[in-house]
Protein chains: 2
Amino acid sequence: MADLSAGTGVPVPTIKYYLREGLLPPGRPLARNQAEYGPAHVRRLKLVRALADYGGLSIAAIAGLVRHLDDPGVAGGTLLAEAQPAVTPPPEPGGGAGAGRARRHVADLLARKGWDRLAAHPSAATLTGVLASLLELGLDDVLDRMDDYAAAAEAAAATDVRILGDVSDRERAVEVVVLGTLLGDTLIAALRRLAQAHLAGEACTG
Amino acid sequence: MADLSAGTGVPVPTIKYYLREGLLPPGRPLARNQAEYGPAHVRRLKLVRALADYGGLSIAAIAGLVRHLDDPGVAGGTLLAEAQPAVTPPPEPGGGAGAGRARRHVADLLARKGWDRLAAHPSAATLTGVLASLLELGLDDVLDRMDDYAAAAEAAAATDVRILGDVSDRERAVEVVVLGTLLGDTLIAALRRLAQAHLAGEACTG
DNA sequence: GCCAGTGGGTAGTGCCGCTATCCATCGAGG
DNA sequence: CCTCGATGGATAGCGGCACTACCCACTGGC
């Protein structure tokens, strides 16, 4: 429908494409060449665009996510778990030199934080991969500061959980989880850039 | 050279491709069909792969970055400024409903933090775009918590600056800035996921 | 009746990150 | 000295992804 396109700024052929890919549920058919799209479709479309534009997700990844959104028998935690693999590409285990050290340090960190239970979490593998890259490039200093970064991440996560707690609508909670997690990455990154620029400006530019 | 390929795990044709694209400086030619690649090339190649794999940068973006790396007359701060547009896609100004509110809130936040000077920073535009998306999807709660996220981001940035201060080698500092910023995003995101999973596990799964 | 607008499907486009192929050259082993 | 395989250099091609263009049958409103 042209209204849907006008209401979201997404061109009609793209909407058709999203319908084909299952990102958008089909409208209620009124006739053979007519279907009704409600505010739920506008909302979903905005969600899809937000995930694609700022979440950096592929269409296929969003399709997978959306399938779980439409599946009624899924809780917030489960959906979040499903969202993880969508974000992080399978980080190859890496046979490099730094990989072993990285693995050890991640294990240590998890133990220190009491996160042992999460050793198999995909993000732990991502973490190991990033650390391995940094180590191979001689950035060992990062290791000494990991606890600081972990503390900052914990603070952000605590805020995430607090926001989620405020959401009473259970149906919307899953959306909040996905949006908060994925757009939150971009949001935090942007804030970090600004803070960096501020600190650097104080130190160097004056 | 096959050594270079063996030392990094990057296939030879890809190395050729990177040479073509200027991601990798050409080796010192020993003969018409022979060139010497040193440890600097191995390092650079690892840098390129790290930025592509975990930084999410396109080849073209890395090429732009690398041009500045090879340019001797560039300071860390300048390079960081150059790195910003590479990471964040040009976020369309957005004529949506939430755009106005988002802009106002970002301006308020910058003022509160004393970051007024950074209003034109590309990350400020990204921030506005993300907020606008969140607002249009009814996630107003995030606004009330922005200061918490900003605090977490500040903490991370402070750690960044501290690490950078430990780096004495001026030549390597620019690499640290790029790596720390881009891979740091992935690193912090991974840590945040883990912290989220930990907190959610406490609250729900037990 | 007529015709813009709709849904539905197929096919094509442009870009991106490689990958394959070809060629002249050269270095080392026999 | 001569062959063989590797090297560098260049061009062309591939596969995937996110759309986009085109075509068609249909139909609601004028």
Side-chain angles (χ1 to χ4, degrees), chain A residues 1-38 41-42 44-66 85-87 89-92 182, chain B residues 1-38 41-42 44-66 86-87 89-92:
Chain A
M1 192 172 274
D3 295 358
L4 188 56
S5 172
T8 58
V10 179
V12 173
T14 303
I15 294 179
K16 287 183 174 183
Y17 168 62
Y18 287 170
L19 283 168
R20 274 201 301 283
E21 298 299 317
L23 302 200
L24 209 55
R28 211 152 36 84
L30 301 176
R32 206 176 194 78
N33 64 343
Q34 204 88 3
E36 191 185 49
Y37 301 102
H41 285 85
V42 175
R44 169 62 57 85
L45 200 42
K46 283 181 182 170
L47 176 73
V48 167
R49 293 310 299 218
L51 291 177
D53 289 346
Y54 295 110
L57 259 61
S58 70
I59 295 299
I62 297 175
L65 229 46
V66 154
V87 203
E92 72 269 24
L182 297 176
Chain B
M1 191 164 284
D3 295 358
L4 188 57
S5 172
T8 58
V10 179
V12 173
T14 303
I15 293 178
K16 286 184 175 184
Y17 169 63
Y18 287 169
L19 283 168
R20 273 200 303 284
E21 298 299 316
L23 302 200
L24 209 57
R28 211 152 36 85
L30 301 176
R32 205 175 197 83
N33 66 344
Q34 203 89 2
E36 190 185 49
Y37 302 102
H41 285 86
V42 175
R44 169 62 56 86
L45 200 43
K46 283 181 181 169
L47 177 73
V48 167
R49 294 311 298 218
L51 291 177
D53 289 347
Y54 296 109
L57 260 60
S58 69
I59 296 297
I62 297 175
L65 230 46
V66 153
V87 202
E92 72 268 24

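Every value quoted in this text rests on a predicted model; they were computed, and no experiment measured them. Order of the sequence lines fixes the chain letters, A, B, ..., with proteins taken first and strands second; residue numbering starts at 1 for each chain.
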Worksheet item: Of all of residues 9-25 of chain B, which get a heavy atom below 4.0 angstrom from DNA chain C, listed by number?
Response: B:Pro11, B:Pro13, B:Thr14, B:Tyr17, B:Tyr18, B:Arg20
Worksheet entry | Length of the line joining A:Glu36:CD and C:dG7:C1', which is rounded to integer Å | 15 Å
Discussion item. In this structure, how many angstroms lie between the C1' atom of D:dA18 and the CD1 atom of A:Ile59, rounded?
Written reply: 6 Å
Practice prompt. Classify the nucleic acid contact of A:Ala35 as base, sugar-phosphate or nothing, counting any heavy atom under 4.0 Å across all strands shown.
Written response: sugar-phosphate
Worksheet item: Taking atom C1' of C:dG8 as reference, at what distance in whole Å does atom CG of A:Leu30 sit?
Response: 16 Å
Worksheet item: Between the side chains of A:Tyr37 and A:Arg44, is a donor N or O closer than 3.5 angstrom to an acceptor N or O?
Response: no
Practice prompt. Could you check whether B:Ala2 gets within reach of a base, just the sugar-phosphate, or nothing at all, counting any heavy atom under 4.0 Å?
Written response: sugar-phosphate
Worksheet item: Rounded to the nearest 0.5 Å, how far does CD1 of A:Ile62 lie from CG of A:Leu51?
Response: 5.0 Å
Discussion item. Return whichever of B:Ala60 or A:Tyr37 has its heavy-atom-nearest nucleotide of DNA chain C closer to the 5' end.
Written reply: A:Tyr37
Worksheet item: To the nearest Å, how far apart are B:Asn33 CG and D:dG8 P?
Response: 7 Å
Worksheet item: Roughly how many Å is it from CD in A:Gln34 to C1' in C:dT6, rounded to a whole number?
Response: 6 Å
Worksheet item: Under a 4.5 Å cut-off applied to non-hydrogen side-chain atoms, are B:Tyr17 and B:Leu23 in contact?
Response: no
Worksheet item: Roughly how many Å is it from CG in A:Leu4 to P in C:dG5, rounded to a whole number?
Response: 17 Å
Worksheet item: Taking C-beta and beyond as the side chain, do B:Val10 and B:Leu24 meet within less than 4.5 Å on heavy atoms?
Response: no
Fill in: B:Ile15 side, atom CD1; B:Leu4 side, atom CG - distance, nearest 0.5 Å
4.0 Å
Worksheet entry | Heavy-atom side-chain contact between A:Thr14 and A:Arg49 under 4.5 Å | yes
